[in-house]
Amino acid sequence: MKLRNLGALSAAVLIVASACTQSGAPATGGAPATGGQPSAGGGEKGTITVWSSLPRQGSSKGQTDTIVNAIKLALEERNNQAGGYTIEYVDGDDSTAEAGQWTEAKEIENATNASSDPDVVGYLGTFNSGAAAVSIPINCRAGLVMISPANTYPGLTKPGKGEEGEPDNFYPDGCKHNYFRVIPADDLQGLAGAKWAKQLGFKKVYVIDDSQLYGKGIADVFRAEAPGQELEVVGNDSILGTETDYISLAQKVQQAAPDLVYFGGITQQNAGQLWRDIKDAMPDVAMMGPDGIAEQAFLDAAAEAAEGTYTTFGGLPAEELEGEGAEFVSTFKERFGDLEPYTAYGYEAANVLLDAIERASARNPTDNAQLRAFVLEEVANTKDYQGALGTWSFDQNGDTTLTQMSGSQVVDGEFVFQDIIE
Amino acid sequence: MDLEQFAVILSIGLFNGLIVALVAIGYTLVYGIIELINFAHGDVFMLGTLLTYFGLVAILPGFGVEASLISALALIPFIMVITAVINASIERVAYRPLRNAPRLAPLISAIGMSFILQNVGIILLGPSPKAVPSVLPNDPLIVMPGGRTLISLNEVVVGAVTIPLLLALAYFVTSTRQGKAMRATAQDREAAGLMGINVNRTISQTFLIGGALAGAAGFVVALFLGQAWWFFGFPFGLLAFTSAVLGGIGNITGAALGGIVLGLVKSISDFYIEARWTNVIVFSILIIVLVFRPTGLLGAKQAEGA
């Protein structure tokens with residue numbers, strides 16, 4: 001009896017609470033949207049909310065601070081207005097201090113909170129591909145659009161490029177595809193690596209991967225694309241990060257006499273050791289890898305063996321952006337200081353969403369639920385978008401049509417931008 | 001088959017095997033005396049690589065000494081003393097109170113100690129491998145007619161550190177009073193105690209020796225492979241433990257032999273097959289040996305038969 005009372009009480013509390021969040025949010029000026037009848041025309045249509053879900057603590061904080069600032073800048077430039085709506089921004093955190101990175105529980109919490117609030121029309125994120133895999137289905141069921149500035153795992157969008165069943169399992173029960181990203185996915189890096197190797201004049205390449213989804217995926221693409229780029233694959237090996245050394249493997253590589261060694265993998269799979277052992281055996285061989293090694297940790301691990309290493313990165317560095325992008329970079333630098341690799345992508349994601357809100361608003365939605373559906377459609381319709389990253393569209397998978405990659409080289413212990421790989 | 005290439009692969013395997021042997025002996029000494037697999041041993045070895053790293057990048061420069069091969073060699077005694085004391089402290093804190101508990105209890109506390117040491121490594125070194133300053137030149141020493149290097153200077157240093165240590169250990173166990181006490185304790189702890197041997201002290205001493213060897217192995221690996229990493233305890237520990245079992249756990253000569261055999265197998269498999277299959281091959285060989293010789297190559301538990 002007592003229990004049942006408690007249940008009824010908590011149900012009542014929940015109803016009141018959710019009623020509060022519904023009516024309480026649009027407090028900023030103008031006539032609030034009441035009873036699903038937004039006052040059409042005349043500027044103010046009420047307040048709607050845009051969420052971002054990023055790891056705001058831990059090792060990614062430096063990156064996400066700049067992404068959040070870029071989103072705020074995009075909003076500021078429009079006076080927090082889009083299509084007659086006032087935009088409220090929620091800076092969601094999907095990390096915990098203890099974990100120091102994103103956690104599944106926090107990401108589920110963010111997606112649930114955002115998608116159950118009818119005033120939320122867009123979800124910017126995530127930063128980590130693993131977090132996107134968690135929140136896409138939740139937001140998809142609620143018809144809430146997601147735009148990621150940083151996810152590069154191919155399986156989130158591309159059939160046959162991830163694990164079996166991907167990406168369909170992220171969009172369950174036939175819900176409408178709700179996930180988009182403004183950054184090129186990883187599968188393009190293998191191709192970019194092969195193209196760049198040809199440009200640099202290499203002829204014979206030895207391909208090594210770290211036996212993991214990310215690394216092997218890239219290495220397999222590289223190997224498949226190599227013949228088309230007039231590269232001869234003289235050997236290939238899979239290694240494990242748990243090995244003590246690669247001295248014998250280095251002998252094997254030496255015997256195959258390549259002029260380039262390509263490694264598909266990440267620093268944490270013992271890339272530093274691999275580099276040292278190969279450079280010991282072949283001081284003159286060139287080495288190349290994807291963005292999984294384009295980080296300080298790799299330089300710490302490989303030290304002098306890293307010198308001269310070529311790396312590819314999915315997208316362009318801030319200094320290479322032109323037009324609107326260059327304008328953004330200089331404004332951002334003035335206001336907030338240095339940019340991180342994903343900063344401009346955060347700005348682009350926010351602007352794509354705000355433009356879609358404007359187009360959706362022009363279609364005169366009857367209530368915020370319909371507005372959310374229209375925004376999703378309009379994001380999907382983004383074609384020939386002229387933004388900070390250049391002119392591009394979303395393809396049918398939700399991927400950007402931009403395929404430009406940048407190539408960097410380690411010079412005096414630092415990654416130095418070298419070339420744009422088309 | 002290219003015989004010169006094969007010789008190079010054998011030489012690589014031999015020197016890797018010597019390092020593994022140093023770690024393996026630590027496992028086998030402890031097992032021989034208290035029948036415990038000291039899972040933390042690989043991590044004590046890892047601390048050896050960590051101490052070498054900090055010695056070369058922080059402590060030597062702190063004293064105004066340039067990091068070189070000679071100054072690095074001067075670090076060895078300090079590293080060996082520190083890892084020896086750590087290993088003996090682990091025994092005192094985590095194993096001795098459980099000596100009469102069911103055998104699974106100290107095993108679990110050993111795994112716990114291993115995690116603690118790994119996290120100490122993460123806190124001190126950070127999550128990624130760190131490059132150790134290269135003070136070990138790898139100039140070719142013996143070059144074959146075909147132009148390939150058979151033995152290089154850094155390999156000679158590996159041999160120069162490990163082989164004397166192995167010989168010193170053999171002398172200690174077979175020919176000294178304390179070594180005799182160790183062998184007696186290994187054979188029958190109670191009887192040894194009744195004969196007036198201080199069993200606790202003898203066990204502590206075994207851990208001291210095992211820890212010192214692990215520290216030396218850590219030093220050699222940090223210089224030879226050029227890296228220090230909190231994770232190193234796992235791959236080396238696994239290889240060394242496997243060597244100890246392969247040679248006959250508890251048998252010192254067996255552990256050394258097992259280490260060298262596994263070093264050779266690993267090197268040959270990495271080169272002629274594929275690196276990712278190496279662990280499969282190593283453990284297949286272990287299983288085959290154990291099926292036909294359940295006590296390992298040289299027979300188990302003969303700490304007295306050094």
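Protein chains get the first letters and strands the later ones, always in sequence-line order, with residue 1 at the start of each. Treat the numbers as computed from the prediction; the structure is a model and nothing was measured. In what follows, every heavy atom counts, from backbone to side chain, and hydrogens, waters and symmetry copies are set aside.
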Largest heavy-atom contact set with chain B, pairs under 4.5 Å, which of [options]:
options                                    : answer
Ile208(A), Ile247(A), Ile239(A), Leu249(A) : Ile247(A)
Ser238(A), Ala250(A), Ala303(A)            : Ser238(A)
Thr242(A), Leu299(A), Val253(A)            : Thr242(A)

Under 4.5 Å from any heavy atom of chain A, what part of [X] do you find: side chain, backbone, both or neither?
X         : result
Trp277(B) : neither
Ser269(B) : neither
Val20(B)  : neither

Among Leu239(B), Asp270(B), Asn279(B), which residue meets the side chain to side chain contact (heavy atoms under 4.5 Å, CB included) test with Glu243(A)?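 Among Leu239(B), Asp270(B), Asn279(B), the one meeting side chain to side chain contact (heavy atoms under 4.5 Å, CB included) with Glu243(A) is Asp270(B).
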Hey, what do you get for [atom1] ([X]) to [atom2] ([Y]), rounding to the nearest 0.5 Å?
X         : Y         : atom1 : atom2 : result
Gln5(B)   : Lys252(A) : CD    : NZ    : 11.0 Å
Phe6(B)   : Gln251(A) : CZ    : CD    : 13.0 Å
Asn270(A) : Phe231(B) : CG    : CZ    : 8.5 Å
Ser248(A) : Ile273(B) : OG    : CD1   : 11.5 Å

Interface moiety of Glu304(A) toward chain B, non-hydrogen atoms closer than 4.5 Å: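 Contact with chain B involves the side chain of Glu304(A) alone.
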Tell me whether the count of non-hydrogen atoms from other residues, nucleotides or ligands lying under 6.0 Å of CD in Glu104(A) goes above 12.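 No - once you tally the heavy atoms of other residues, nucleotides and ligands closer than 6.0 Å, there are 12 at most.
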Please indicate whether Phe115(B) has more than 12 foreign heavy atoms, meaning atoms of other residues, nucleotides or ligands, lying under 6.0 Å from its CZ.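 No.
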Do Gln255(A) and Arg148(B) have side chains that get closer than 4.5 Å, going by heavy atoms?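 Answer yes - side chains close enough.
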Considering all heavy atoms, the nearest Asp245(A)-Lys266(B) contact: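 Here Asp245(A) and Lys266(B) meet closest at O-NZ, 3.4 Å.
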Which heavy atom of Arg276(A) sits nearest to which heavy atom of Ala131(B), and what is that distance?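 Closest pair (atom of Arg276(A), atom of Ala131(B), distance): NH2-CB, 3.3 Å.
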Output yes when a side-chain donor or acceptor of Arg276(B) lies under 3.5 Å from a complementary backbone atom of Ser211(A), and no otherwise.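 Not at all, since once roles are kept as given, no pair shorter than 3.5 Å links the two residues.
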Side-chain donor/acceptor of Gln273(A) to backbone N/O of Leu225(B), under 3.5 Å: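 Yes; at least one donor-acceptor contact below 3.5 Å.
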Closest-packed option against chain A by number of heavy-atom pairs under 4.5 Å, given Pro129(B), Pro133(B), Ser134(B):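 Heavy-atom pair counts peak at Pro129(B).
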